[in-house]
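Here's the structure, in structure tokens; my notes come after.
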Amino acid sequence: MKICCIGAGYVGGPTMAMIAKQAPDIEVRVVDMNATRIAAWNSEVLPVYEPGLDEIVKECRGRNLFFSTEVREAIRAADIIFVSVNTPTKTYGVGAGRAADLRFIESVARTVAEEATSPKIIVEKSTIPVKTAGTIKTILAANARGVAFEVLSNPEFLAEGTAVADLLAPDRVLIGGERTPGGERALQTLVDIYARWVPRERIVTTNLWSSELSKLVANAFLAQRISSINSISALCEATEADVDEVANAIGKDSRIGPKFLKASVGFGGSCFQKDILNLSYLCEHFGLPEVAEYWHSVVAMNDWQKRRFTTRIVQALFNTVADKRIAVLGFAFKKDTNDTRESAAINVCRDLLGERAQVVVYDPKVSAEEIRRDVGCADADGARLSVAASAYEACEGAHAVAVLTEWDAFKALDFEKIYAGMTKPAFVFDGRNLLDHAALAKIGFRVEAIGKVV
Ligand code: NAD
Ligand code: UGA
């Protein structure tokens, strides 16, 4: 059996590496039109940083895992085609800022129809609006020359930073298919692949639309928990309750559960915001404005939480940060990833620069080039942004330190040394409630945390 995956990104690369590892008899070809990305997948330094991924890629690459730019050739050879291209928020025209931009999905469907000369199973791995399988099938049917296609939905639930662990032992694998004989056969083929390492009871099969919709709903529910606890963090700051204590207390209720209740500077990542905006847009499209508004409030609360963080910094620093040096520790949207997409750090840096601060960023995995690109350094504000090679360098002479990513290494920093080198009074704004606040206060820092009064 031959599998090809179109899209060698954060999802396509790791998911296909896991299939190649678990099924050495299946040839897995990951293709992408981005030649630089493919070259990186074939090099010593992979384009995606994920704990444990290097080992799997090294084990399988050249054996049954291949990375190439030969998209058309891979389509012709494959029995199963995973589509793992990006589905960003549309930035133009109808639905701009909310709807999913499906041009990459459509382009793949057209290329598949042009190239296919034998039956194919098309697997939607990308996150897409419910009913997209219908679009794909229509394009295939209108352009194919007598070739049989089956379309399955198999959304991915991995989280970045834990992708390998999530792929190795997923809570569930979701596969949606049509209840036709051909659809059932295709579904069984994909079930059999995952069943090589995933217990059968964790492989959930549904109809196409339930599967497509469940992915958007899963992300919306997860993000909603974060916005809920973040909204409560503001109330905690006003009332001297402690948000971590509240989260712990409510999380003990087995109906609520302890996960995803960590208050923060705001959620980031390429998907939560985009998928909720998309869900909200879909609700509106289907004539459900109240439902659309309900879900949109999750994103609105997150935007507020990010802005609120910068406002607190400005207020604590005597209402001005102009020309003050602010050390930003962490730029990735969460620890253990080099991904910065929609990171709260981008908003905080921009807002601080807008207040005319001198912003110095340090992140252990994100390059200076990436940080500059994300923040946007074209104007005078951008000129006040710099990138340090270490946390100590970033903090030297700073008026304040803002922790924006929960990298474990930040916990082990020598804060006595950092304090000695800072301008006084020295502030710490812990956007992740990562550090030992009592210890910092003992050193002499003025500490501001999320959802608690230190
Ligand atoms: P990504 O941007 O990292 O990768 C997508 C890749 O697809 C890019 O390298 C791009 O060059 C390639 N591509 C686009 N059109 C192509 C075409 N026509 N031919 C060949 N290559 C093409 O995106 P990602 O983070 O891997 O996400 C992919 C999808 O998976 C999205 O729909 C996303 O919502 C979903 N998803 C992402 C995550 C995550 O953690 N990043 C988790 C679950 C689901
Ligand atoms: C999320 C989901 O967890 C995955 O299941 C899903 O597959 C993926 O989106 C996707 O569709 O792209 P990811 O964005 O990689 O995964 O990472 P998360 O661990 O969910 O974190 C997202 C953001 O929320 C991060 O900025 C994180 O710091 C923040 N977060 C998370 C909190 O602020 N508090 C929490 O309690 C949990």
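Atoms within a ligand are numbered from 1 in the order they appear, just like the ligands themselves.
For the ligand labelled ligand 2, residue Arg225 lies outside the 4.0 Å heavy-atom shell.
Considering only non-hydrogen atoms, atom 33 (O) of ligand 2 lies nearest to Ser264 out of Ala223, Gly269, Ser264, Gly161. Taking each of Glu406, Glu156, Lys334, Gln273 in turn, the one with a heavy atom nearest to atom 21 (O) of ligand 2 proves to be Lys334. Of the candidates Arg432, Glu160, Lys262, it is Arg432 that places a heavy atom closest to atom 28 (O) of ligand 2.
For the residue pair Arg98 and Ser280, a side-chain donor N or O sits within less than 3.5 Å of a side-chain acceptor on the partner. No hydrogens or angles considered: a donor-acceptor pair under 3.5 Å links the side chains of Asp363 and Trp407.
With ligand atoms numbered from 1 in the order given, ligand 1 contributes 43 (C) to contacts under 4.0 Å with heavy atoms of Lys215. When each atom of ligand 1 is checked for a heavy atom of Leu158 under 4.0 Å away, the hits are 40 (O), 42 (C).
In terms of protein heavy-atom proximity, atom 20 (O) of ligand 2 is nearest to Phe260 CZ, 3.1 Å. In this structure, the protein non-hydrogen atom closest to atom 12 (O) of ligand 2 is Cys271 SG, 2.8 Å.
Residue Thr127 has at least one N or O atom closer than 3.5 Å to an N or O atom of ligand 1. No N or O atom of Ile226 sits closer than 3.5 Å to an N or O atom of ligand 2. At under 3.5 Å, a nitrogen or oxygen of Lys215, whether backbone or side chain, sits near a nitrogen or oxygen of ligand 2. Ligand 1 has a nitrogen or oxygen under 3.5 angstrom from a nitrogen or oxygen of Thr87. Any N or O atom pair closer than 3.5 Å counts here, and Glu156 shares no such pair with ligand 1. Below 3.5 Å of separation, one finds an N or O of Arg341 facing an N or O of ligand 1. Where the criterion is an N or O separation shorter than 3.5 Å, residue side chain and backbone included, Gly12 fails it with respect to ligand 1. Note: no N/O pair closer than 3.5 Å links Asp275 and ligand 1 by distance alone. Of the polar atoms of Phe267, none of the N or O atoms is found under 3.5 Å from an N or O of ligand 2, judged by distance alone.
Under 4.0 Å is where a charged nitrogen must lie from a carboxylate oxygen, and between Arg307 and Asp351 no such pair does. One finds a salt bridge joining Arg76 and Glu115 here, because a Lys/Arg side-chain nitrogen approaches an Asp/Glu carboxylate oxygen to under 4.0 Å. Using a 4.0 Å cut-off between a side-chain N of Lys or Arg and a carboxylate O of Asp or Glu, Glu73 and Arg29 do not qualify as a salt bridge. Between Lys262 and Asp244, at least one side-chain nitrogen of the basic residue sits less than 4.0 Å from a carboxylate oxygen of the acidic one, meeting the salt-bridge criterion. Salt bridge status for Glu124 with Lys215: absent, with no side-chain N to carboxylate O gap under 4.0 Å. Salt bridge status for Glu114 with Arg110: absent, with no side-chain N to carboxylate O gap under 4.0 Å.
Proximity of Val108 to ligand 1, defined as any heavy-atom pair under 4.0 Å, is confined to the side chain (atoms from C-beta onward). The proximity of Leu158 to ligand 2, defined as any non-hydrogen pair under 4.0 Å, is limited to the backbone. At a heavy-atom distance under 4.0 Å, atoms from both the backbone and the side chain of Ser126 approach ligand 1. Under 4.0 angstrom from ligand 1, there are no non-hydrogen atoms of Arg103. Contacts between Asn219 and ligand 2, counted as non-hydrogen atom pairs separated by less than 4.0 Å, involve the side chain only.
Between Trp295 and Phe221, the ring centre distance stays below 6.0 Å.
Geometrically, Arg61 does not engage Phe67 in a cation-pi contact, judged by NZ or CZ lying under 6.0 Å from the ring centre and within 45° of the ring axis.
More than 12 non-hydrogen atoms from other residues, nucleotides or ligands lie less than 6.0 angstrom from CD of Glu59.
Contact annotation: the side chain of Glu342 never approaches that of Thr89 to less than 4.5 Å [non-hydrogen atoms, C-beta and beyond].
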